[in-house]
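Shown next, in C-alpha cells, is the structure this report addresses.
In what follows, chains are A, B, ... by sequence order, proteins preceding strands, each numbered from 1.
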Number of protein chains: 2
Amino acid sequence: MSKKTASEEKLDPRVKRTRALIEQAFMALLAEKGFSSITVQDITQRAEVNRATFYAHFADKYALLEAAIQHAFRLALEKRTLNACHFSEANLRALVVTVCEFISQSDAHCKTCDSQFETLVEKEVRRQIQELVELWLEQIGSEIDLKTAATAASWTIYGLALQWSREKGKPRPKAEQFAEQILPLVAVYFKPREVSKTAQG
Amino acid sequence: MSKKTASEEKLDPRVKRTRALIEQAFMALLAEKGFSSITVQDITQRAEVNRATFYAHFADKYALLEAAIQHAFRLALEKRTLNACHFSEANLRALVVTVCEFISQSDAHCKTCDSQFETLVEKEVRRQIQELVELWLEQIGSEIDLKTAATAASWTIYGLALQWSREKGKPRPKAEQFAEQILPLVAVYFKPREVSKTAQG
DNA sequence: TTGCTTATACAACAGTTGTAGATAATGTAA
DNA sequence: TTACATTATCTACAACTGTTGTATAAGCAA
C-alpha cells in the first residue's frame, strides 16, 4: 500500500499544487462553456497560475483534457472494481454500464460538448476499454485472434454506449437494462476455446 | 442525369475555382507535413487566395479537412459502386476492403498523420459506413434493432480496418483476405428475420 | 450595353499561442 | 542554518487566428 498510482508518486508539492489548480479551473470552465472556446489563458487566469507554467505541465489544452479524461475514467472503472479483475458476464455488464454512465455524465457536466471534446473522450475511453478487454481475453483465451476480438469488442461497446447516450426521443432504458440488452452482441467475443454450437439461444 | 451531386450544383464559377484552389493546396500540403502544423496561412498562400476568402468558405482548417475526407471517401465508395446499392455478402466484403484501403491510403498520402487528422478521418468515415449499413438493413430488415445493428456493425468495421492498417510487425494480409477473415464477425448484424441455423458455413 | 449582385482582395484589428530568458520563490538535503 | 536544485513568475516576442470595413472585380440578368 505504500506505492500509490504512478500519477500520485512523490512529487514536488509545488507541482501537485499547480496541476491540481489547473485541473480544477479547467473542470469549472468546462461546466460553463464548450471546450473549444476555452483558452489556455482562461484556465491559467482562473487557476491563478502563470500561463508559462501551464506549458511546463501540458503541451496544450488538448493534452490537459486527455489527462483529465484518463484520470476520470480510471476512477469510474475503480468504482466498480473493474481495474484489474477477471472476466465474467457480470463484469462485462458492469463495464458497459460504466461506459454508458461516463459518457452521459460527460455530456451533462459540460455546457457545450463540442466535437473536439467528444472525440477526445472517445479516443481515451475506447483505449482503456480495449486495454481491459485484452486483459480479460488473455486470461480466458479467446476463440479468435486476441487483438481482433479485443478491438471488435471495445469498438462495439463504445459505439453502442454512445448511441444509447444520445437517444433523446423515446425515454431511454436505464444503463443496466441497456447493458443487459446488448450483452449478447458483445459476449460473443468472450467465448473460450470450446465450440458450444448454437444451443445457447 | 441533369442533376449532379449536391456538391456540384450550379455554383458561381468563382466559388468553384476558389474552393478547388484551396483543396488542391491543402492536399499538397498534407503530403508535405502533418495536419496540425498546417496553418490557414499556408493553405491560402499556396492557393494564391486571400486568407479572408478562406473563411468565407470554411469555418477553419478542421472544416476543410472534414469536407475533403467526406468527398474522398464518397469517391472511394463509388469506385466499387457501393453508393446506393443493396446488401449482399460481396458488397459487405467490398465495403470492408474500401475502408481498409482508404485508411492505409490516408496514412500513405500524409507525411505525418497526427491524431487530429486520424480522428477526423475516423469520424467522417464511420459516419458514412453507418449511413450505408442503415440503408442495407432497412432493405433486408434486421433481426435486432436497426439502429443498434447499424451502430455495432459500423464501429466494428472501422475498428477492425484501423487495426489492420496498423499491423506493422508481421506482414499483414491483403485487404481482401482480411475482409474475408473478419466477415463472420460483421455478417452477424445482417441476418434477416428467418433463422437459418448455421448451415451456411 | 447597363445596372445589380456577389465574390474576392486588401489592410488593419484585438486576442491567443507557444517559446525564451531572466528573476524570484520554494522545496530539499547536508 | 546554508547551499543547491527545482519550480514558478514575469516579460517580451513573433506568429497565427478570426473578424471587420472598404474597394475592386467578376458574374449575371434585363
Side-chain angles (χ1 to χ4, degrees), chain A residues 2 4 6-26 28-30 32-68 111-112 114-117 120, chain B residues 2 4 6-26 28-30 32-68 111-112 114-117 120:
Chain A
S2 67
K4 300 262 180 171
S7 60
E8 300 178 27
E9 288 209 59
K10 267 181 208 165
L11 276 177
D12 193 314
R14 290 170 294 180
V15 173
K16 282 205 289 188
R17 186 189 110 95
T18 301
R19 290 198 185 151
L21 286 174
I22 289 177
E23 293 194 9
Q24 281 167 23
F26 179 55
L29 282 167
L30 269 181
E32 293 173 15
K33 48 176 171 175
F35 173 69
S36 30
S37 57
I38 296 177
T39 69
V40 175
Q41 285 217 100
D42 288 338
I43 301 168
T44 55
Q45 196 168 326
R46 174 158 322 199
E48 290 180 299
V49 154
N50 193 274
R51 195 167 61 87
T53 305
F54 177 93
Y55 290 103
H57 293 272
F58 303 95
D60 48 34
K61 66 172 185 170
Y62 301 95
L64 169 58
L65 177 56
E66 197 175 314
K111 194 73 172 189
T112 311
D114 13 63
S115 76
Q116 289 191 322
F117 177 86
L120 286 177
Chain B
S2 66
K4 300 259 179 173
S7 61
E8 299 178 29
E9 289 211 57
K10 266 181 207 160
L11 274 178
D12 192 314
R14 291 170 292 181
V15 172
K16 281 205 288 188
R17 187 189 110 96
T18 301
R19 288 197 186 153
L21 286 175
I22 290 177
E23 292 194 11
Q24 280 168 21
F26 179 55
L29 282 167
L30 269 182
E32 292 173 14
K33 47 177 170 174
F35 174 70
S36 31
S37 57
I38 296 177
T39 68
V40 174
Q41 286 215 104
D42 289 336
I43 301 167
T44 55
Q45 195 168 327
R46 174 159 321 199
E48 290 180 299
V49 152
N50 192 273
R51 196 166 60 87
T53 304
F54 176 94
Y55 290 105
H57 293 271
F58 303 97
D60 47 33
K61 65 172 185 168
Y62 301 95
L64 169 58
L65 177 56
E66 197 175 315
K111 194 73 172 187
T112 310
D114 16 60
S115 76
Q116 289 190 322
F117 177 85
L120 286 178

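Under the salt bridge (Lys or Arg N to Asp or Glu O under 4.0 Å) criterion, R51(A) pairs with no residue, sequence neighbours left out. Here Y62(A) pairs with F35(A) under the ring pair (Phe, Tyr, Trp, His ring centres under 6.0 Å) rule; sequence neighbours left out. Residues forming a salt bridge (Lys or Arg N to Asp or Glu O under 4.0 Å) with D60(A) (at least two apart in sequence, or on another chain): none. Partners of F26(A) under the ring pair (Phe, Tyr, Trp, His ring centres under 6.0 Å) rule, at least two apart in sequence or in another chain, do not exist in this structure.
For the pair Y55(A) OH and dC10(D) P, the interatomic distance rounds to 17 Å; values are reported in whole Å. Distance CZ (F58(A)) to C1' (dT19(C)): 18 Å, rounded to an integer number of Å. For the pair L21(A) CG and dT9(D) C1', the interatomic distance rounds to 14 Å; values are reported in whole Å. The distance from atom NZ of K16(B) to atom P of dA26(D) is 18 Å, rounded to the nearest whole Å. Atom CZ of F54(A) is separated from atom P of dT7(D) by 17 Å (rounded to the nearest Å). The CZ-C1' distance, from F35(A) to dT16(C), rounds to 14 Å in whole Å.
Of the residues near DNA chain D, T39(B) and P13(B), the one whose nearest nucleotide (by heavy atom distance) lies more toward the 5' end is T39(B).
The side-chain contact (heavy atoms from CB on, under 4.5 Å) test with I22(B) is passed by exactly one of I43(B), T53(B), V40(B): I43(B).
H57(B) has a side-chain polar atom (N or O) that falls below the 4.0 Å cut-off from OP1 or OP2 of dT8(C).
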Identify each atom pair where a protein N or O and an N or O of nucleotides 9-15 of chain C are less than 3.5 Å apart, giving names and distance.
residue: dA9(C); atom: OP2; partner: N50(B); partner atom: N; Å: 2.9
residue: dA9(C); atom: OP2; partner: T53(B); partner atom: OG1; Å: 2.8

Which protein N or O atoms sit under 3.5 Å from an N or O of nucleotides 1-6 of chain C?
residue: dT6(C); atom: O2; partner: R14(B); partner atom: NH1; Å: 3.1
residue: dT6(C); atom: O2; partner: R14(B); partner atom: NH2; Å: 3.4

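Counting only distance, with no hydrogens or angles, the side chain of K61(B) and the backbone of T39(B) share no donor-acceptor pair below 3.5 Å.
The CZ atom of R46(B) lies 4.5 Å from the CG atom of L29(B); values are rounded to the nearest 0.5 Å. Taking CD of Q45(B) as the start and CZ of F54(B) as the end, the distance is 14.0 Å to the nearest 0.5 Å.
When all heavy atoms of D42(A) and S37(A) are compared, the pair lying nearest together is OD2-O, 3.7 Å.
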